[in-house]
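I have placed the structure first, in the form of structure tokens, so that the comments after it can refer back to it.
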Amino acid sequence: MPWMDVMADMALAPWLVILPLAGALLAGLWPAAARWWGLLTALLTLVMALLLALQVHAHGPMILDLGGWAPPLGITLVADGLASLMLLMTAVVGLAISLHALGYLAGEGRGHWFWILWLWLWAAMNALYLSGDVFNLYVTLELVVLASVALVALAGGAAPLVAAMRYLLVSLLGSMAYLMGVALLYGAYGVLGLQALGAQVALSAAPMLAAVLMTVGLLAKSALFPLHVWLPPAHGSAPAPVSAALSALVVKVSFYLILRLWLTVFPALPLSGLDVLMGVLAAGAVLWGGLMALRAPRLKQVVAYSTVAQVGYLFLLFPFLRAHPEGWKAVVFFAVAHGVAKAAVFLAAGTLQRAAGHDRLADLGAVMRGRLKTSFALGIAGAGLVGLPFTGGFIAKWLLVQTALEAGLWIWALVVLGGGLLAGAYVFRLLGPAFEPGPADRGRPLPAVMEWVPLALALLTIGLGFAGTPALSLLARTLAGGGG
Amino acid sequence: MAADVLTPQIYLLCGVLLFVLGLHALVVRRHLLLKILAVNVMGSGVFMVLLGVAAGGEGGVDPVPHALVITGIVVAVSATAVALVLMLRVKAATGLARLPRSGPED
């Protein structure tokens, strides 16, 4: 197509950072119009992310030195298959969150703070996905943390503030460990670029120590069991659009970083022992998160514990990395499917909470029967979390199980299947009140957008059920390790 | 001459020591101000390691770690500012500048 050739000459990557950043600035300058700036930014960013994904799909990975400055002085943006898929997922979920927030925050006096912080968070996440060196990844990671902590604290009140504080301290601890790893890597090799490091890293003490520090630091940030304690209060007590952004997007950021490091920088290091340890922690997360989700009394807490469980699947990455060269792609597809489904569930939960004025599961029945569109969205997206057929979650789990069996790791396949059963149990628990006999009540009046957006996202999880092939062919355009 | 060769190693060692001290305080201390200070001590430890790295290479001092430290300081200052504001808010909301002991998870 001729227009594709024209697009190929354009540097799209910087716009994915500039647009949300400019949006945040404009939202701050014109607080009264903050929501419209937010919506405009979200639409433009989605267009850019789509174009970038098409460009990368057609022409392969793109590397851009900002301002013509070469590293180590300049900043390099790298857009490859993995990065553009994550950017696209962020943009789609981001647009849905923005639309939902239009309704959710309507009439709140301090709503413009949400838009400023949310667009800032979006810019930081995009910058992180595009970063090509370990130090810029640190800086962008801190930006992501500061924005998300502020978003959690936005709800006010003791519980969200304490949750935000705990989240901040855990994240700072993780960042410091990561930065120490950066210092060790630079001390050993004198370069910071992911590719340059990957070409040099060989088995010795310094990179091993750096790998352990960086991985453990990032594990705390991605809330892998047993470092998950901070997550449920932070994600459960934030306003619904924030919960969706944190659970669907921000958790994926530190997972992406771990994946990137082990794919590009540390492939030369042996994984023996680490893969089993990570697999056991992942299984623990799936089990514990699932059990806690079965016990939590409130809707949003159930969903937050479901995130703890689903983070477990992400860290099956380590057994797969060792056993199957293509195994990580299944995990990335799972991350995307989970991102969309989890955002839909949290947004639907927010709508029900607003309509009912609370989110105690036991008393939600009447509103769930009254708000059928939203309950339907909850059901479909929940099916996506469980991995029922015709959803993205099904394809994701299919890929995970297939990879596990091809690699002869049947025990991890059992973890995936057992976790699916647990997820089924807590999703049915979420939907249970809707099926009890009783009166239907629409609750408080709400803008229609708050009902349509979760439904649209939920339908998208079904669409993802057919997106396996294009997603995998985009992922094939990923810059992998330099060997060594 | 021997002292010149040793200096970077001393910086590296002290940096690691500060990092571990900060980590210890972050875990053990309960007052939020002490926790925030502990994170800053950890950060200083990392910066000192970077300085040791800068001085340790052949052919003079390497400027890149210095640039990293300066950027790192900016990040640390911002993070500390956010943490301090949050601490004051937690104090105002709960009456205590410490995190409540994490109870049973439910």
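Just so you know, these numbers use all the heavy atoms, side chains as well, and skip hydrogens, waters and symmetry mates. Each chain gets a letter, A, B and so on, in the order its sequence line appears, and its residues count up from 1.
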What heavy-atom pair brings [X] and [Y] nearest, and what distance separates the two atoms?
{"X": "B/Met42", "Y": "A/Met176", "answer": "CE-CB, 3.8 Å"}
{"X": "B/Ala93", "Y": "A/Leu161", "answer": "CB-CD1, 3.8 Å"}
{"X": "B/Pro65", "Y": "A/Tyr186", "answer": "CG-CE2, 3.4 Å"}
{"X": "B/Val75", "Y": "A/Glu142", "answer": "CG1-CG, 3.4 Å"}
{"X": "A/Arg166", "Y": "B/Leu99", "answer": "NH2-CB, 3.7 Å"}
{"X": "B/Ala79", "Y": "A/Leu146", "answer": "CA-CD2, 3.9 Å"}

At a heavy-atom distance under 4.5 Å, which candidate from A/Val145, A/Leu143, A/Leu172 has the highest pair count against chain B?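 Most pairs with chain B among the choices: A/Leu172.
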
Among the listed options A/Gly156, A/Gly236, A/Ala188, A/Ala158, the residue most often paired with chain B at heavy-atom distances under 4.5 Å: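 Top option by heavy-atom pairs under 4.5 Å: A/Ala158.
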
Heavy atoms of other groups near A/Arg429 CZ, more than 12 under 6.0 Å: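 Buried by this count: over 12 neighbours within 6.0 Å.
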
Surrounding NE2 of B/His24 (heavy atoms of other residues, nucleotides or ligands, distance under 6.0 Å), is the total greater than 12?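 No, not enclosed.
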
Side-chain contact, heavy-atom cut-off 4.5 Å: [X] with [Y]?
{"X": "B/Phe47", "Y": "A/Leu179", "result": "yes"}
{"X": "B/Ile36", "Y": "A/Met165", "result": "yes"}
{"X": "B/Val53", "Y": "A/Leu184", "result": "no"}
{"X": "A/Leu169", "Y": "B/Leu32", "result": "yes"}

So which residue, B/Val64, B/Val82, B/Leu26, B/Thr94, ends up with the most heavy-atom pairs under 4.5 Å with chain A?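 Between B/Val64, B/Val82, B/Leu26, B/Thr94, the count favours B/Val64.
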
Let's test your reading of the structure: which of B/Leu12, B/Leu68, B/Thr71 forms the most heavy-atom pairs below 4.5 Å with chain A?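 Among the listed options, the one with the most contacts to chain A is B/Leu68.
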
Please state whether the side chain, the backbone, both or neither of A/Leu168 comes within less than 4.5 Å of a heavy atom of chain B.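 Only the side chain of A/Leu168 comes within 4.5 Å of chain B.
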
Which region of B/Val16, side chain (C-beta onward) or backbone (N, CA, C, O), has a non-hydrogen atom less than 4.5 Å from a non-hydrogen atom of chain A, or is it both or neither?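 Contact with chain A is through both the backbone and side chain of B/Val16.
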
Side chain from CB out, backbone as N, CA, C, O: work out which of these in B/Leu86 comes under 4.5 Å of a heavy atom of chain A, or both, or neither.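 Contact with chain A: backbone and side chain both.
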
Approximate separation, where rounding is to 0.5 Å, of B/Leu23 CG and A/Leu173 CG: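 Going from CG on B/Leu23 over to CG on A/Leu173, the span is 6.0 Å.
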
